[in-house]
> 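Could you have a look at this structure, given as structure tokens, before my questions?
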Amino acid sequence: MITAIIIMALGAIVLGAALGYASIKFKVEGNPLVEKIEAILPQTQCGQCGFPGCKPYAEAIAEGEVDINLCPPGGAEGVQRLADLLGREAKPLNAEEKPKQVALINEETCIGCTLCIQACPVDAIIGAAKQMHTIVAPLCTGCELCIKPCPVECISMEPVAENLDNWKWKYPVIEIKRAA
Amino acid sequence: MNAIIQQLFKFKGGVKPQTNKTISAHEPIAQAPLPARLIVPLHQSIGGTPNPLVVAGDHVLKGQLIGGPDGWLSSAVHAPTSGTVLAVEDHISAHPSGLMTLSVIIQPDGRDEWLPRTPLNYRELAPERVREILRDAGVVGLGGAVFPSHAKLSASKTVPMEELVINGAECEPFITCDDLLMRERAEDVVRGVGIFRDLLAPKRVLIGIEDNKPEAVAAMQQAVKSLGEPFEVIAVPTRYPAGGAKQLIRVLTGKEVPAAKRSTELGVQCFNVATAYTAYRAIAHGEPVISRIVTLTGNVEHPCNWEVLIGTPLGEFIQLGQPKSDTNGYLMGGPMMGFEMPSLDAPLVKATNCIIAGSPTLFPPKAPEMPCIRCGACADACPHELQPFEMYWFARAKNFGKTQEYKIFDCIECGCCSFVCPSHIPLVQYFRFAKSEIWAREADKKASEAAKARFEFRNLRDEREKAEKAERLAKASAAKAAEKKAAAATAEASIEPATGSDGADTSGAIAAPVDADAAKKAAIAAAIERARVQRAAAEPKNTDGLTIAQRKEIAEIEARRAPLQEQTDPNAERAKPGTALKEVKG
């Protein structure tokens, strides 16, 4: 009887020590789910979801506080991937899906106020005070955050044109012909 | 060549389509006349897009560099004849998409005047220099992949070079340009192979030619013999796609190139015969790649091989073969892997080995696609031993991860699977679709990662700047407080030298951080006050008690001064350092 209790107690102590050690040694920093969610989000940092950037939105999703359909740049496909990851139901996007676009500054009207530079979340605009600004198109994520601050409305969004580098083979479509 | 009985190997799969080669192989290579206009796309090879070196209005000579290579993995582009540059602009390209690409449009002057050419003896040059010459001469793989050849001519440092395989198989139906090249210019081809051999120093050189081209095999053997080279010219069994690099290597050496590896990792390098020929011309004659041999065949009255300038518009080229009236389209490349040219304005490029005029009788419209019955015929035909029916299934469902698990990137798009499919499924189209979707996703992922990094860096910088500013302000206010205190202390000391300064000291230290904001406000207020005082001081004081006429006069003068002042003001502002200047680190 006593030996059995001692054996069980010893076992408990040993296992407890092992678990305690493991919880310190293999401690996971941060929430790994947030990282997975963030990898799916498009990183435009546009704030259209109502959060200041993709990471806060990912954190909010991981907490289960918000819907997964708030990210228009991610599109319906992004919602689907989030739904697959989280085991939630995919919902239609809460906004209209737009084709990929980049901002364009009308350099004739730009007055060089630097407001758009301060608004750009990814440093894709260059220029200086009272000098013309321009957008570095390959870095622009199309977040539209620069449009509002511009006092002279010289920024417009242009859809990304198809060229030989980004052209894709189309899904084979079966032609339906009328029987003669 | 001694009569070694060469042990040949086999690759799995493959098909035997009707070759249709004899129709264009009975006539010698003809010289195509100068077209009225040449459209030379700058991007004609894998790698960086060459930078245009000419502008509209320039006069160029034949062989003059018009597009400089952009980086090491890129290849130069030259003017195919002498004439005037009409424009450097976007023009429709020889690409299935029919999209535009930056091209140099040249109006030939008819004199066909060469830039002075400098023949070189490559044996006297450093290997590095030879590779550079090949890059600057625009020598690229003419088998169809247009990979810059110089980039393949550096022997691996870790793997000893075993075999150099020269590809003269030309397995696609209809195409005979390499056949005719080997028949007529075998010696130059062999000399070109000699250059590659000297650069790579392999143990053996194997020239593989399909056995349906006995004249080419004989001509090459004759050339090898007369030049005294130890190359082996080997006739390989005719079976599509024997001309695929990995298939030909398998047949000639028995080595199987593993998935996602290059043949160089096994000590084998592969070049097309036409590439060897152009490399020889580039070095020994100083002639860059400005023309190539193109088979014009199919539904034409006069099928033949033409030596044609790069940049010749398709519409002018096809007239040489007199297309029949029921021609309904033109394929670039062969019927297995080729694509329909988007327009008659599209130019012939370095990758154009063949133009086939199509007609409803020659290429009957495809039967409608039917469901996959999982017969496995495609898997039997696949020369890469893939499972096309599985890849089809997942590509169709847009489950791209699964297609990658089934090794879709080992697919060479040879078209054997589509050829044998009893359900007429355009399998290769599905694979191309899946591949380009996967590439696009990878590009998006890279872009989003870069955006994230930039966003995080920006946030970090903002915070750092804020902290630095706060620190500066705190320091400034502390300094001010200390100054004030010192002044007060001296004042106090002059009145009451006996009092200790301990109490004042501590109160100042505590007050400094709390006062930072107040000090800032005070400073701003002080600045505004100073500006007001300055403005007041600048204003003339002798304007009190003037007559009405005098006041009017002053008003007129002021009105005249105002626009002038506005003009000079921005200049004065510009002299100040830009306060909101921001660095964009890329």
Side-chain angles (χ1 to χ4, degrees), chain A residues 38-46 52-55 58 73-75 77-78 80-81 100 111-131 133-136 138-143 161-177, chain B residues 41 43 49 90 93 95-102 365-366 368-370 392 395-396 398 425-437 439-441 443-445 447-459 461-462 570 573-574 576-586:
Chain A
E38 219 192 338
I40 293 173
L41 296 177
Q43 303 299 332
T44 43
Q45 319 296 351
C46 60
C54 294
K55 192 161 191 178
E77 207 193 313
Q80 184 59 51
R81 287 178 64 196
K100 197 172 159 16
I111 53 166
C113 67
T114 76
L115 288 176
C116 58
I117 296 182
Q118 289 161 43
C120 181
V122 292
D123 286 342
I125 308 179
I126 45 174
K130 305 222 175 194
Q131 308 286 317
H133 303 343
T134 197
I135 302 219
V136 186
L139 302 179
C140 175
T141 62
C143 68
E162 201 174 38
N163 58 37
L164 287 183
D165 292 323
N166 65 15
W167 178 77
K168 293 193 275 190
W169 283 95
K170 303 291 174 286
Y171 190 77
V173 190
I174 306 145
E175 227 176 294
I176 299 169
K177 281 182 190 153
Chain B
H43 198 198
T49 304
D90 281 335
S93 60
H95 189 271
S97 66
L99 288 169
M100 312 282 242
T101 184
L102 192 63
K366 276 210 104 176
E369 179 181 333
M370 289 195 292
Y392 156 69
R396 196 187 148 106
K398 302 183 186 171
I425 300 171
L427 290 156
V428 176
Q429 282 187 44
Y430 280 101
F431 303 155
R432 284 175 172 162
F433 158 72
K435 282 183 186 179
S436 57
E437 282 295 328
W439 279 322
R441 260 149 229 247
D444 278 353
K445 191 149 185 63
S448 80
E449 269 163 24
K452 189 181 163 194
R454 294 177 73 79
F455 178 62
E456 279 167 4
F457 176 75
R458 181 196 143 91
N459 286 351
R461 191 192 56 213
D462 272 0
E573 292 270 354
R574 202 169 293 159
K576 289 183 202 162
T579 44
L581 176 72
K582 186 183 268 183
E583 273 174 65
V584 176
K585 297 203 174 122

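The chains referred to below are lettered A, B, ... by the order of the sequence lines, with proteins before strands, and numbering in each begins at 1. For clarity, every value in this text was computed on a predicted model and none was experimentally measured.
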> For A:V122 and B:R454, which heavy atoms make the closest approach, and how far apart are they?
O-NE, 2.7 Å

> Tell me, do A:T114 and A:Q131 make a side-chain contact under 4.5 Å, heavy atoms counted?
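Of all side-chain heavy-atom pairs linking A:Q131 with A:T114, none is under 4.5 Å.
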
> Do B:S97 and B:H95 have side-chain N/O donor and acceptor atoms under 3.5 Å apart?
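Looking only at side-chain atoms, B:H95 and B:S97 do form a donor-acceptor pair, the distance falling under 3.5 Å.
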
> Let me know if A:P121 has heavy atoms under 4.5 Å from chain B in its side chain, its backbone, both or neither.
both

> With a 4.5 angstrom heavy-atom cut-off, could you sort out which part of A:P52 is near chain B: side chain, backbone, both or neither?
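Backbone of A:P52 only, per the 4.5 Å heavy-atom cut-off to chain B.
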
> How far does CG of A:L139 sit from SG of A:C120, to the nearest 0.5 angstrom?
8.5 Å

> Assess the residue pair B:E437 and B:K398 against the criterion (side-chain contact (heavy atoms from CB on, under 4.5 Å)); give the C-alpha distance rounded to whole Å, side-chain angles, the decisive distance to 0.1 Å, and a yes or no.
CA-CA 9 Å; B:E437 282 295 328; B:K398 302 183 186 171; over 6 Å; no

> With only heavy atoms counted, which part of A:N166 is less than 4.5 Å from chain B, the side chain, the backbone, both or neither?
neither

> Pick whichever of B:S93, B:S448, B:A447, B:A395 has the most heavy-atom pairs under 4.5 Å with chain A.
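Top option by heavy-atom pairs under 4.5 Å: B:S448.
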
> Go through the atoms of A:E38 and report whether side chain, backbone, both or neither lie under 4.5 Å from a heavy atom of chain B.
side chain

> Would B:D444 and A:K100 pass as an ion pair if we require N to O under 4.0 Å?
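No salt bridge links B:D444 with A:K100.
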
> Count the heavy-atom pairs under 4.5 Å between each of B:P426, B:A450, B:P96 and chain A, then report the option with the highest count.
B:P96

> So which part of A:K170 gets closer than 4.5 Å to some heavy atom of chain B, the side chain, the backbone, both or neither?
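Contact with chain B is through the backbone of A:K170 alone.
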
